[in-house]
Amino acid sequence: MSRFLLRGLGLLLLISPAAIAQRDLTDPPDPDPKAELASFEVLNGFEVNLWAAEPDVFKPIQMNWDTEGRLWVACSSVYPQIAPGQEANDQIIVLEDTDGDGTADSSTVFADGLLIPTGILPGDGGCYVANSTEILHLSDTNGDGKADTQRVVLSGFGTEDTHHMIHTFRWGFDGLFYFNQSVYIHSHVETPFGPRRLGGGGIWQYRPENGRLEVFARGFVNPWGHHYDRFGQNFATDGAGFEGVAHVVPGASYTAISNPERFLHGLNPGSPKYCGAVIASGRHLPEELVGNLVTNDFRANRVVRFALEADGSSYVSREQAPLIRSSHVGFRPIDVLMGPDGAIYVADWYNPIIQHGEVDFRDPRRDQERGRIWRITAKGRPLVDRPKLADAPVPTLLDTLTAPEGWTREATRQVLKERGPEAVLPALTQWAAALDPTDGEAQLEALWLHQSLDQAEPALLSSMLDADDPNLRAAAVRVAGAWHDRLSDPVATLAPLVVDEHPRVRLEAIRALAVVPDPNAAEVALRALTLPVDPTLDYALYLTAVETAPLWLPSVTEGESDLGGAEPLAFALLAVGSSEVMDPLMRLVRSGELPERFEPDALALIGRLGQPDDLRRVLDASLDPTAPNDRRARLLDALAGAARERSVRPSGALDAVAELLGNADSPAPVRAAAARAAGAWGLDPRAFGLLDLASEADAPVEARRSALLALAESGNDEARRLVAELAASATPSAVRTGAIDALASFDLNAAAAQAVASLKEAEANPSAIVAALANRRGGPEALVAALDGARLPPDTAKLAARAARSVRRDDSSLADALNRSGGLDADPKPATPEDVASLVADLRMQGDPQRGERIYRREEMQCIKCHAIAGAGGKVGPGLESIGASAPDDYLVESLLLPNSAIKEGYHAIVVATDDGRILNGIPIRETADQLVLRDAEGAEIAIPVSSIEERALGGSLMPTGLVDPLTRAELLDLTAFISAMGEPGPFAIGTEVVARSWDVVVPDGPSGEAIRRIGLEEAVANDDPRFSWQSVTSLVSGSLPIDELPSLTPYHQAPPLTIARLWFDTSAEGPVRLRLDSAEGLLVWLDGSPLDPSEVMEPTVSAGRHWLTVVIDRSERSEQGLRVAFEDVPGSSARAQPVTRE
Amino acid sequence: MGSIPMRHLAIALGLLVAAAFAAPSIRANAPDDQAPPLELQDGDRVVLLGDALIERMQQFGNLETLLTLAVPEKTIRFRNLGWSGDTVFGEARAGFGTPEDGFKTLVEQVKATEPTVLIVGYGANESWDGEAGLPRFRQGYNRLLDALEANGPRAIVLMSPIARRLSTAASGEDEANLAHYTEAIEQIARERGHRFVNVLALTKPLADDTASDSPDWYAPQGLHLSEQGDALLARLVLRALFGLKAPQSDPEQFEILRRAIFDKNQLYFHRYRPQNETYLFGFRKHEQGNNAAEVERFEGLVAAAEAEISMLKMPEQPVFELDRFDEEVYDR
């Protein structure tokens, strides 16, 4: 510690007092709880007091209350990693406020000797503890307040990452024990129902009484928050995902690193990461907080909250003003609960360092001893009396189940469950019978208590399934699914609920049917297709169809069932999408009854799996000139894939392809795809027009490049001669580069020679040329040889060397050779620790974040291409919206200068060698049994057949080293200052407002101008004229689109310059939405192609679905200021606008 | 509380003593009629490999403590490689890799321990696949043994799964499955000339012993043994496999030794199965790989703990007595 203080002291002399208040890694925060409390900006009407602090509690990881109002806290000083010789002596500490004065006055160590306990849950006469690979149950048999007995409850949980190990222990409303695990963990658990395995993240569900363990939901990155609302709808937060609050549907998968084919998203895409979750409730809190989900933006030192509102079958989640904001870098709220007194309790892990892997495990600045529990209360509102439940008689407890406080209801359920069925059932039956039939919430408690006690009560269930309130029906459906094996006819019971008038009831019924082992369950679930299907319902139907396939597919294959009609049949077959469904699918296609909306997916599937006659249908569909171009291209690519991967070609003559290839009027993407297909089929290059296409000067570049690859693939001598010729001479240079790429597939040395020649040309694209060689085995070596003695323009050499480094990180010989030929020194020396320290020391004083944001946005910096801020920007690298608040300055500087030194979860590239000699570098985002999908440095998805992979190895970061080399030191300081300000309180924090951040603007090219001249601006905009080409732009962090950065278009001589911009938003229900503009000056506005009167506040009524808003900016009237469009909910309207990035 | 293990070891000890009287005899167990008892040699490295049954032995420590005390004059080292949920395919050890990587890891882990005596306990997890899974299980087990035999232990012992006392509806079917898998393991042992311990038969009386005054031989739900169950199984295996009677030692000394063995096993666990593998050895080792050296330092700590164990195991006055089993209790 002394070393650290010394360094800090040295820096104190350099840094201004203002900077000291900021978080700087070498600038330790004042650890006094008073100083921390003083840093809190608390929501109006609330106050915060210190409830407990070290040494009474330390490094809290999770906390949970017992039914007597004592707070159990899992505390770990061993985290992040046990050291040799260190005793694993982490603790479970029990805190209690015995005198009710609002602070804990009793702290006892219930258990020690633990190894990084990541979960704690009191219950069943003791507590459950996550202890590394195991869940233990500890109990105190002699009443001295300390555990004396332990038993392993479950074992086999993974420990690949100690901040991912099982965590977030919770009792459910159903009496089940829920817990979460995170993305790096692979668990293999033996249960009395067979082994259960989960690799990756998810939420487990466990019934201690019978040992049944199941996966309740899958996915997430690091989901340390899970709670449920008044009606048993589950919500989760993710401490490493960027989608805010997730509405958890049973059995669903959520956004993780590598995702299944389909999955659900969180409700707040583009959010910071959140830890902990509790639904606020009770009389102490003002009305506007009740029902909010409270969680922690631990990176930006905030306790935040979201209002959840029903929206179709799911919810919208809107961030509200935060409960606590702080600039104290040690304040790390990581868990949050409602307390027995109705206040909100926050566990503060207190640590200036939160990075798990990125900062050394042994970094002395990691705090190992502190920790606080803060209590948030509403000023001037009475607290609730802490309920006394332990000795209360059963009838009293039953009455307590209707308390307005969620805490009280949860604790009461737990007490009743532990009393056992014999003690509770008689009174429960009596209590339920005496309930006011209109008191649905009390009846729901009665139903849940039966579930908790594992005592089916079909009569009560059946009346609840009939309740007027859809929230109650949805809750009852969940119970019906759990009791399916105890209901006389579960499918008949659930059938009417599949077509319930409320979409969330339908959602629950669709998912409940997935667990009913009845061949008719799927057919009944698919009846939901007769009513409107929103995206969540569509996913639920997909999941149920896939999960129940073993039950329905055999009878469908035998022709004994059609699942109720062509519509449900097509839906279910395409959901499964495997070779097993091909027979029934082809029957459906041949019958002519395949509903039109399924045709694109059906054809794509047939292309992937069909036989020659099936493929013929796909080919014919691709030839239809009235079909959309991208779809025609997709079908042709599916056919090319079938030929390459399965050696299956369409039956019949392929002459029509020659027609497509040779016709100058064929749309470019279709022509290019036809060339790829022709290559895959090995068609004669001359007869099918590939030779002509490759040399046709006016043909689209994309089509010519595809033709060149097909020529190379043909192996035909004449074809290859043409490839070699064009590699030497083709114009434009993009075609020449394509020819070099094609040439490299059969003659590396010739390709390397042409690459060097081409690099000397002024218009060359160095990175594309380097990639053509470097992405092939032996390519870099050939290029190094060809560079011997060559001279390149220095700028070209610099860009080429950068490209070489990003594809071949482990070997600098190509980059060195490129530098030499440009007369440059070898690669700039990698930054040293001293370089990093010197920048860190200066950035707070000398860096200007405003200027830095403009540097961040420069096209050549490529920051936006790869990183998103609040969802706007690229997906190659991690989102940066709260990076400044979470990462210390030296980490940020180091990441810019040395991108490979620390890489975020989910952003590790892999390098794949394929059997056709290619080397591909990208982040794996999806892998199925037959396909691996990588996201490359351009953000494009590359699908690789698993069968073609010869080797895979770990890559590093996709961020090229040397990206910031062109910047001056002052610019680098500005850029770093901007990044480090992001997410900190101030102008670079993402607020709670819903603002459009992703835009498209029209590129000022010839065709765009022509469109306006031909049909007029209004007509062109209203029809989204296809001659417009669009480029994406993002707003500033403030949400404002900087007009001065946008391209402008002058359609006529002397016409005012214009900028045409557009954004997209989704609504899941019909109704008015409110758009708020900073100013309407100089704007014309269209919504879905219809003009709107421009004004600062507009309230159009929209249907459910996707919408586009086009704004034409008259640059002569408006050029300096920005353009900002915010979305607000209209009271009483069920439409909720959510801006989206168009894929 | 001082330490959890110490405390519940003490509880178990009382039960262990009780078990000497209440325990079923092992008459139901068909004794291995071909192979003579396995004799431990000075310098032996006994490696236990398998699923949760084996994994939990590293905490219970009963078999290891009994063996250590039974032949105190010999230096024998024990390594426990049990892993919950594991199978002959090494499924639970795959981490981020493919199932095949799990198998490779399993073989490498065994190899690293250089076993001279290898005790293998698989089949419990595989048995859930029922009769349909038997051919794959046989094939997998043989492939595993091909790899393990190549490591050259002088003796390999195959243990069947334990009997289970499930309350689930399918418990009858489960019993049949366990019998099938046990039979398969026995057959593989015979074919390959390895010793076999029919733990299913040894524990069947425990599973059937549901008398209200009997100890809880099983953990709740009847899938795994309780601490008492493990203590009894240790004695049964000691006799069935090694032909040894449980040494009559001072209970306090037994517990001190068992505690030392527990500590040693924990240290070895940190060595062979460290937390944060992703950062220390895996695809994020560029971040924390510099700390991987720490993990090797556990080897020295394990050696020190073993030195401690060899001090603790020597009885002041070695006294061996015959172990008595109450046939009558057993037969009821």
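By convention in this document, chain letters (A, B, ...) are assigned in the order of the sequence lines, proteins followed by strands, and residues within each chain are numbered from 1. What you are looking at is a predicted structure, and each value in this text was computed from that prediction instead of being measured.
We find that A/E358 and B/R284 are joined by a salt bridge, their nearest charged nitrogen and carboxylate oxygen being less than 4.0 Å apart.
With a threshold of 4.5 angstrom between heavy atoms, A/H186 approaches chain B through side-chain atoms but not through N, CA, C or O. For B/R271, no part sits under 4.5 Å from any heavy atom of chain A, backbone or side chain. Interface remark: A/I116 contributes side-chain atoms only to the contact with chain B (heavy atom separation under 4.5 Å). Proximity to chain B (any heavy atom under 4.5 Å) is restricted, for A/N210, to the backbone atoms N, CA, C and O. The contact between A/R197 and chain B is made entirely by side chain atoms (from C-beta outward), counting heavy-atom distances below 4.5 Å. Heavy atoms closer than 4.5 Å to chain A are found nowhere in B/A219, neither backbone nor side chain. Only the side chain of A/E134 comes within less than 4.5 Å of a heavy atom of chain B; its backbone N, CA, C and O stay farther away. The part of B/L280 that comes within reach of chain A is its side chain, from C-beta onward, which places non-hydrogen atoms under 4.5 angstrom from that chain. Contacts between B/T87 and chain A at a heavy-atom distance below 4.5 Å involve the side chain alone, from C-beta outward. With a 4.5 angstrom heavy-atom cutoff, B/D51 touches chain A via backbone and side-chain atoms both.
With a 4.5 Å cut-off on side-chain heavy atoms, A/R151 and B/P220 count as touching.
Interface with chain A: from residues 291-300 of chain B, residues B/N291, B/E294, B/R297, B/F298 qualify, criterion being any non-hydrogen pair under 4.5 Å.
Remark: the B/H224 side chain and the A/E190 side chain contain an N/O donor-acceptor pair separated by less than 3.5 Å.
The NE2 atom of A/H164 sits 13.5 Å away from atom CD of B/Q275, with the distance rounded to the nearest 0.5 Å. Rounding to the nearest 0.5 Å gives a distance of 7.5 Å between NE2 of B/H270 and OG of A/S132. Interatomic distance, CD of B/E91 versus NE2 of A/H188, reported as 8.0 Å (0.5 Å rounding). Note that OH of B/Y279 is 4.0 Å distant from NE2 of A/H163, once rounded to the nearest 0.5 Å. Between atom CZ of residue B/F269 and atom CD1 of residue A/I82 there is a gap of 11.5 Å, rounded to the nearest 0.5 Å. The OG1 atom of A/T191 sits 9.0 Å away from atom CG of B/L166, with the distance rounded to the nearest 0.5 Å.
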Go through the steps for A/L115 and B/Q266 under the test side chain to side chain contact (heavy atoms under 4.5 Å, CB included), then give the verdict. CA-CA 11 Å; A/L115 175 62; B/Q266 292 292 103; 5.9 Å; no

Mind running side chain to side chain contact (heavy atoms under 4.5 Å, CB included) on A/H356 and B/N276 for me, showing each step along the way? CA-CA 10 Å; A/H356 178 78; B/N276 284 313; 2.7 Å; yes

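Counting heavy-atom neighbours within 6.0 Å of A/E951 CD, excluding the residue itself, gives a total of 12 or less.
Your options are B/F96, B/F281, B/W83, and the one with the most heavy-atom pairs under 4.5 Å with chain A is B/F96. Among A/P192, A/P208, A/G211, the residue making the largest number of heavy-atom pairs under 4.5 Å with chain B is A/P192. Note: B/R56 leads B/R56, B/E55, B/E277 in heavy-atom pairs under 4.5 Å with chain A.
Closest of all the heavy-atom pairs between B/S84 and A/G156 is CB-CA, 3.3 Å. The nearest pair of heavy atoms linking A/E160 to B/G95 is OE2-CA, 3.9 Å.
In this view, B/D263 and B/R259 satisfy the salt bridge (Lys or Arg N to Asp or Glu O under 4.0 Å) rule, not counting sequence neighbours.
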